[in-house]
Amino acid sequence: MRYFVPILLCLLTVVCSLLSQQAHAEQTTYEAVPDRSPSARTFLIGIGRTNQLDTYLSPMEYKGMQISFLTQSERMTHLAKRHISFQSTFQGVFTSADNPAETATYTGARLAYDAGWHYHHSPLKGLDLKGGALIGTDLGFLYNDRNGNNPAQAHFSLDLSLSAGAAYQFKLWKLPMRASYQADLPMLGMMFCPEFGESYYEISQKGVGHDILCAHPGNALSFRQMLMMDFCLPRITLRVGYLCDIRQMNAHSLKYRDTSHSFMFGIVRHFSELRIKR
Amino acid sequence: MRVKRLLSIIAVLLALLTSCQKSDFEYDETPQGNLDALWELIDQRYCFLTYKEKELGISWQEMHAKYSAKLNAKMSRVQLFEVLCQMVGELKDGHVNISTSLDLGRNWSWKEDYPENLDTELRNQYLGTDYHIGSGLKYTILPDNIAYVVYESFSDGIGDGNLSDMIAHLRLCNGMILDIRGNGGGELTNAEKLSQRFTNEKVLVGFTSHKTGKGHDDFSEPRAEYIEPSKSIRWQKPVVLLVNRSCYSAANTFVRNMKEMPLVTVMGDQTGGGSGLPFTSELPIGWSVRFSASPSFDARMHQIEFGIEPDVKASLDESLAADGKDSMIEEARKRLSGQ
């Protein structure tokens, strides 16, 4: 836990540096973000709370903090008369959480990548609705600093998710703003889960074949949602928001749940088809 | 209006999906909550319950009521620790421990109730002062051209280079005394690596399984365990493996492996046992709990949790010890010299 402040300061420095570079690089003036930006790249960092339960390691729920980064790129394709966009998201999370008695600590990390397509529809001016599917993979670990032969748990999943979202553009005090929401729900895939009392020593000897399971909402109800607000400043678009990430697994009489709520902030870069004032 | 309705739906969805996560934290930090958590942990995850109930004549179901009666809401942490240790002590398992800042809860009756059959000062006299140290192995050549090797803990790493150099150094000896008395275990990989030096072919040494569910008898199909011969230099002469009641856990597994090797004679007392691979969990109060999670068996699918009988019974003769002689080492020397 004590490393969070220095790490956060480092991340803030990186973001400030990026913001500075962005401000110098962009010599154009944006009137507003288009309803559907032809291409946008987002870089966010976040800090938040996490609750972690992994009964392979402990029956107790650990609570702590997490820092994360998320990069997302979205661009409109030429499919369906430019109604379909391609989106890819890469997310990295580092967590540190303590047991209720604060006598043990989980240290964890997770990398997740997903990509897919959304169909867009605008029923009203300024409002953009989208729905689609994503293919994603998730790889991580959770380490308990005092367990003996079961010191850590590995997490791996590969899944197909349904994804839906909405964005609404408006002005507040003459400042162009954009509120957006996106939710991703994994529906079908595969995941790794050791058997109830199986050690990684045994897994290393006989392989992981029987520990790969079909994942579905019945045994791995996971969910990610983001509520973001963009502030379209003259040279830059700032984004702040809330990210809720819930990863769950219930298989082989073992339960895993990682629930995190993070405050995210960063920048968005929009490319092409922008109206430029000369 | 439509936008407002949409935003309202999103807000409700958001609230629902983030609040529907119910915690599984069912135990409280009271003495009873901690006892419940410990009892349930053993009930669901301990791998020898059926076997222990039969061998020791205990009922784990009855333990809950028996030890709950010893609790009261105002008892101190020390008192709670004692009650919990007594409860898991009924299992007579050295791999079951409660670890706290106060103490390490343990039941070491597997060695404390029996003669030690080891005098380390006496053993050191056999090693002398010019013995070799190959990582965790200490070895020398006795005057009757018998190799004498001491391995005190399987936690002490041994490399392939150490083993090759040791065997090369001792290759002209008539036999080897491998003394693991007092070895309380450590890394299973070290036990496997050392066993591989004593066979020229793949040998079935035992079976292992693991719990697949919370039921007392929910186990995976036993999986055969083999020792493959090392690809480096191997020992080809008779071996006497000296053991005592303190040979536990990985040392017990090593004895199991060596019992299947044709040139090996296991001599001494029954080993201490400890055939369950221990896992770690914890209690609401924050104390760490270790317990046997995966059982292993010998090559005939017999339990070795309470130890392995030696091929030749031997014990430390106190009268010979007074003369500076370790009767077990002397017995092993006689056997290897063909006397």
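For the numbers below, each heavy atom of this structure counts, side chains included, while hydrogens, waters and symmetry mates do not.
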I want to know whether [X] and [Y] have ring centres closer than 6.0 Å.
X	Y	value
A/Tyr143	A/Phe141	no
A/Tyr56	B/Phe279	yes
A/Tyr256	A/His155	yes

Original post:
For A/Phe196, is the NZ or CZ atom of B/Lys211 found under 6.0 angstrom from the centre of its six-membered ring and inside 45 degrees of the ring axis?
Top reply: no
**OP:** Pick whichever of A/Asn99, A/Asn51, A/Asn144 has the most heavy-atom pairs under 4.5 Å with chain B.
**Re:**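 Winner by heavy-atom pair count: A/Asn99.
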Original post:
Out of A/Glu195, A/His252, A/Glu102, which one racks up the most heavy-atom pairs below 4.5 Å with chain B?
Top reply: A/Glu195
**OP:** Give the member of B/Asp218, B/Val289, B/Ile285, B/Leu188 that has the highest number of heavy-atom pairs under 4.5 Å with chain A.
**Re:**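 It is B/Leu188.
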Original post:
When only pairs under 4.5 Å are counted, which of B/Arg290, B/Gln44, B/Arg223 shares the most heavy-atom pairs with chain A?
Top reply: B/Arg223
Name the orientation class of the two ring planes belonging to [X] and [Y] (parallel below 30°, tilted from 30 to 60°, perpendicular beyond 60°).
X	Y	result
B/Trp60	B/Trp39	parallel
A/Tyr119	A/His83	parallel
B/Phe81	B/Trp287	perpendicular

**OP:** Measure distances from A/Tyr201 to the heavy atoms of chain B and classify the residue's part below 4.5 Å as side chain, backbone, both or neither.
**Re:**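 Only the side chain of A/Tyr201 comes within 4.5 Å of chain B.
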Subject >> Part of A/Asn147 lying under 4.5 Å from any heavy atom of chain B >> reply: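 Both backbone and side chain.
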Need one label for [X]: side chain, backbone, both or neither, based on atoms under 4.5 Å from any heavy atom in chain A.
X	result
B/Glu192	side chain
B/Arg45	both
B/Leu283	backbone

